[in-house]
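What follows is a set of notes on a single structure, which appears directly below.
Only a predicted model underlies this, so the values are computations on that prediction, with no experimental measurement involved. Scope of the values below: all heavy atoms of this structure, side chains included, with no hydrogens, waters or symmetry mates.
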Amino acid sequence: MKTLFLLFVLSSFWSFCALAQEAYIYSDATGAIKGYDPVSYFTESKPVKGKKNITYKWKDANWYFASKKNLDAFKTDPEAYAPQYGGYCAYAVSEGYTAKIEPEAWKIVDGKLYLNYDLDVKKIWEADEADRIKKAEANWPSVLDKD
């Protein structure tokens, strides 16, 4: 009976941890992606600041959108538009840690949005992009445990 209870407790704990990591999005006082519209990267090929009156709460973060059309697109398939690695710097995650981002330091690779700390870090990340993505995939989401 004690073994069964212990297995239940451990299972519940790991499920909670996985859920917490899944829901964790880098967000600050201005919202996810510092208040920029995630859909705009795909539709306008540039970051566009979201409007304070067009918002959506997803994975415990506030997301802002430039238009209702973009909000509706995000609501339909948030995973398609949300940045990889919870919106943390893709380079940092590839190195095994997390860092904030600048919305202007971005790139779409194979239909996925990647953000970086700044434009200089983006250049370093792009120099070995495929390997950086592999390393970041291997590190994510365990890097969240290091914070």
Do the non-hydrogen side-chain atoms of [X] and [Y] ever get within less than 4.5 Å of each other?
X: Lys122; Y: Tyr91; result: no
X: Ile133; Y: Trp125; result: yes
X: Trp58; Y: Glu79; result: yes
X: Thr30; Y: Tyr36; result: no
X: Leu115; Y: Trp106; result: yes
X: Pro38; Y: Trp63; result: yes
X: Glu129; Y: Val109; result: yes

Problem set entry | Residues Glu102, Lys34: salt bridge by 4.0 Å N-O rule | yes

Side chain [X], main chain [Y], donor-acceptor under 3.5 Å:
X: Asn70; Y: Val39; result: no
X: Asn62; Y: Gly31; result: no
X: Asp37; Y: Gly50; result: no

Exercise. Should Lys135 and Glu95 be marked as a salt bridge (charged side-chain N to carboxylate O under 4.0 Å, His left out) after you check the CA-CA gap, both sets of side-chain angles, and the distance that decides it?
Worked result: CA-CA 7 Å; Lys135 287 178 179 177; Glu95 289 290 309; 5.2 Å; no

To the nearest 0.5 angstrom, please state how far the [atom1] atom of [X] sits from the [atom2] atom of [Y].
X: Tyr114; Y: Lys107; atom1: OH; atom2: NZ; value: 11.0 Å
X: Thr76; Y: Leu71; atom1: OG1; atom2: CG; value: 9.0 Å
X: Tyr26; Y: Ile101; atom1: OH; atom2: CD1; value: 6.5 Å

Check [X] against [Y] and note the closest heavy-atom contact, atom names and distance.
X: Val93; Y: Asn139; value: O-ND2, 2.7 Å
X: Cys89; Y: Val121; value: SG-CG1, 4.1 Å
X: Ala90; Y: Ala136; value: O-CB, 4.1 Å
X: Ala32; Y: Ala61; value: CB-CB, 4.2 Å

Exercise. How would you list all residue pairs meeting side-chain hydrogen bond (donor to acceptor under 3.5 Å, both in side chains) that involve residues 38-57, not counting sequence neighbours?
Worked result: none

For this session: Would you please classify the geometry between the Tyr88 ring and the Trp140 ring as parallel, tilted or perpendicular, with 30° and 60° separating the classes?
Result: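 Geometry flag for Tyr88 against Trp140: tilted rings.
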
Problem set entry | hydrophobic_cluster_shared for Leu119 and Ile124, side chain cutoff 4.5 Å | no

Problem set entry | Same apolar cluster (I L V M F W Y, side chains within < 4.5 Å links), Phe74/Tyr85 | yes

Problem set entry | Test log, rule ring-ring contact (aromatic ring centres under 6.0 Å, His included), inputs Tyr81 and Phe42 | CA-CA 8 Å; Tyr81 298 104; Phe42 295 90; 5.4 Å; yes

Problem set entry | Residue Asp77 excluded, over 12 heavy atoms near CG under 6.0 Å | yes

Problem set entry | Residue among Ile25, Ile108, Ile33 satisfying side-chain contact (heavy atoms from CB on, under 4.5 Å) with Pro83 | Ile33

